[in-house]
**Q** 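Sharing a structure with you now.
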There are 2 protein chains.
Amino acid sequence: MTKEAIIDQISDTYAPLSAACKEQLAGHATLLPLHKNTLLVKEGEYADSTYYIVKGCARAYYLREGKDISDWFAFEGEFISSIVSFFTQRPSPHYIELLEDCILLELSRDHIEKVSGQFHDFEHLVRIVVTQTMLRLQEKISSLQFYTARQKYENILAIRPNITQRVALTHIASYLGISLETLSRIRNPRNRI
Amino acid sequence: MTKEAIIDQISDTYAPLSAACKEQLAGHATLLPLHKNTLLVKEGEYADSTYYIVKGCARAYYLREGKDISDWFAFEGEFISSIVSFFTQRPSPHYIELLEDCILLELSRDHIEKVSGQFHDFEHLVRIVVTQTMLRLQEKISSLQFYTARQKYENILAIRPNITQRVALTHIASYLGISLETLSRIRNPRNRI
DNA sequence: CGAAAATTTGATCGAAGTCAATCATTGTGG
DNA sequence: CCACAATGATTGACTTCGATCAAATTTTCG
């Protein structure tokens, strides 16, 4: 898949871009085929890029007191970055790790800002992507505040039915804010009432 | 304070706007002096406006199984709306309530979309506001996932030292995802160790 | 195949929730 | 402008969900 085809896909998914804008974007985007377990960003680093996932999946996670806590998963057609570092230019609190072999399109903040300033349609696209992310975060907050461990798990299954085939249970558990053991018990049909 | 002065303030706070853009914005914005306890939005309604708070403060809350759970507070210089309904055009899961007598500037979605399409600088401003909101939501998620009840409370005090003077403890407790009783115990100095 | 990683299962514990009963503050109608 | 009802906050007793610790079992992969 060429960079141009990927940018067409992004334009089709999120918001239409002019030919001139697509060309500008393609100019400074980098296609990255990378292996599973690659760390795109480490804690403390400055994350100056965001990544569009063409193929594969990735997660953002924290290490807190030795514990690995997943904060975000992204799959084909989505973006992933250390949002705190990318948008505030502070050191990243997150690691970003590939959960499968991936094909990514890397876009630097400088490039995004430049093209945003130049093309109204790209500024619009960025706004759309950020808005969608904001709404997903809002969803996650509702899930953390209202649901029991079991409901949280059923909720994520409703949104991503086959996540268990692609993401380790440890990561799903910490993403849901529950322990691995609790998730395991929830999944055991004997414990259903 | 005139609408024009308020829009200057928004422009100064978030991102610079051209004179022509400010004029367009002022044209369709409405200045609303409203009383404490007014509901701007009720559950189930379509929230077609966002509100810039010139003076006062407000909250978004859910009613779930008879329980009142605060989801968001906004003060002077910030925007408030039922973000889910405003951005997805679905019925609002939230109520929006004024916690003090307020002066608000109301902006409709239609108007925001129209001016965004017309003025690149306003599209940029909207992007900035949404990005800031997204980052605040991310902060809130970290707080819900990592902190004990006491840490969450200390955290919000660090961000908004005088929130307890303006917002009822019930609302703060439900916002933090803890019970009112637990918050009360945390605040009692005898229980500090 | 075997070592390491992932998951399951079991036993125990604790932070915070719930229920219930005051105590304090606020705002309104007489 | 006070009284008292309504709302908000505190305190106490008890319970529970899910965490933690520990060990066994299953899966993955070099």
Side-chain angles (χ1 to χ4, degrees), chain A residues 35-38 57 59 61-70 73 97-101 143-157 162-193, chain B residues 35-39 57 59 61-70 73 95 97-101 143-157 162-193:
Chain A
H35 282 295
K36 179 169 173 170
N37 298 326
T38 302
C57 63
R59 69 174 181 128
Y61 68 99
Y62 293 91
L63 286 184
R64 282 272 171 120
E65 291 145 27
K67 300 204 170 145
D68 171 321
I69 298 169
S70 293
F73 299 119
E97 179 192 54
L98 303 189
L99 298 175
E100 299 173 352
D101 292 347
S143 156
L144 289 172
Q145 286 209 326
F146 294 126
Y147 302 145
T148 62
R150 163 160 278 127
Q151 287 170 328
K152 288 182 207 176
Y153 178 62
E154 284 166 355
N155 202 226
I156 202 174
L157 279 190
N162 54 2
I163 192 168
T164 54
Q165 275 105 69
R166 297 181 72 180
V167 179
L169 292 183
T170 329
H171 301 333
I172 295 173
S174 67
Y175 176 80
L176 297 176
I178 66 182
S179 71
L180 172 62
E181 293 90 334
T182 295
L183 179 58
S184 179
R185 286 183 245 269
I186 286 166
R187 285 165 50 84
N188 185 334
R190 268 201 305 288
N191 298 326
R192 166 153 294 111
I193 304 162
Chain B
H35 282 294
K36 179 168 173 172
N37 298 327
T38 304
L39 292 176
C57 63
R59 70 174 179 126
Y61 67 99
Y62 294 92
L63 286 184
R64 283 272 171 122
E65 290 145 30
K67 296 201 174 151
D68 170 320
I69 297 169
S70 293
F73 299 120
Y95 295 78
E97 178 191 56
L98 304 188
L99 298 175
E100 300 174 352
D101 292 348
S143 157
L144 289 172
Q145 286 210 325
F146 295 128
Y147 302 145
T148 62
R150 162 161 278 126
Q151 288 170 326
K152 288 182 208 177
Y153 178 62
E154 285 166 355
N155 203 225
I156 201 175
L157 279 190
N162 54 3
I163 193 168
T164 53
Q165 276 104 68
R166 298 182 71 181
V167 179
L169 292 183
T170 328
H171 300 334
I172 296 174
S174 67
Y175 176 80
L176 297 176
I178 66 182
S179 72
L180 173 62
E181 293 90 333
T182 297
L183 179 57
S184 180
R185 286 185 245 269
I186 286 167
R187 285 165 49 83
N188 185 334
R190 269 202 304 287
N191 297 326
R192 167 153 293 110
I193 300 164

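Proteins get letters first, then strands, A, B, ... in listed order; numbering begins at 1 in each.
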**Q** How would you summarise protein contacts on nucleotides 9-21 of chain D per nucleotide, using B for base, S for sugar-phosphate only and - for none, with heavy-atom distances below 4.0 Å?
**A** SBBBB----SSBB
**Q** Please report, rounded to the nearest Å, how far the C1' atom of dG17(C) is from the CD1 atom of I69(B).
**A**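 Going from I69(B) (CD1) to dG17(C) (C1'), I get 13 Å.
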**Q** Could you give the CZ-to-P distance, from F146(A) to dG17(C), as a whole number of Å?
**A**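 Atom CZ in F146(A) sits about 14 Å away from atom P in dG17(C).
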**Q** Verify side-chain contact (heavy atoms from CB on, under 4.5 Å) between R59(B) and D68(B), making sure each step is shown before the conclusion.
**A** CA-CA 11 Å; R59(B) 70 174 179 126; D68(B) 170 320; 2.8 Å; yes
**Q** Whole-Å distance between dG8(D) C1' and L99(B) CG?
**A**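 Between C1' of dG8(D) and CG of L99(B): 14 Å.
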**Q** Quick check: does any side chain N or O of S174(A) sit under 3.5 Å from a backbone N or O of S70(A), one acting as donor and the other as acceptor?
**A**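 Here the side-chain-to-backbone pair exists.
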**Q** Using whole Å, what does the distance between atom C1' of nucleotide dT8(C) and atom CD1 of I186(A) come to?
**A**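 Interatomic distance, CD1 of I186(A) to C1' of dT8(C): 14 Å.
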**Q** Could you tell me whether a side-chain N or O of Q145(A) sits under 3.5 Å from a main-chain N or O of Y175(B), the two making a donor and an acceptor?
**A**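 Yes; judged by distance alone, with no hydrogens or angles, the pair exists.
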**Q** In this structure, how many angstroms lie between the C1' atom of dT28(D) and the CG atom of N37(A), rounded?
**A**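 Rounding to the nearest Å, CG of N37(A) and C1' of dT28(D) are 13 Å apart.
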**Q** To check you understand the geometry: which heavy-atom pair defines the closest contact between L176(B) and L144(B), and what is its length?
**A**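 Reported closest heavy-atom pair: O-CD2, 3.7 Å.
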**Q** Do you know which of R166(B), H35(B), K36(B) makes side chain to side chain donor-acceptor pair (under 3.5 Å) with E100(B)?
**A**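 Of R166(B), H35(B), K36(B), side chain to side chain donor-acceptor pair (under 3.5 Å) with E100(B) is met by R166(B) alone.
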**Q** Could you measure the distance from the OG1 atom of T164(B) to the CG atom of L157(B)? Nearest 0.5 Å is fine.
**A**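 Atom-to-atom, T164(B):OG1 and L157(B):CG are 6.5 Å apart.
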**Q** Take the protein atom NZ of K152(B) and the nucleotide atom C1' of dG17(C), then report the distance between them rounded to whole Å.
**A**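 Distance, rounded to whole Å: 12 Å.
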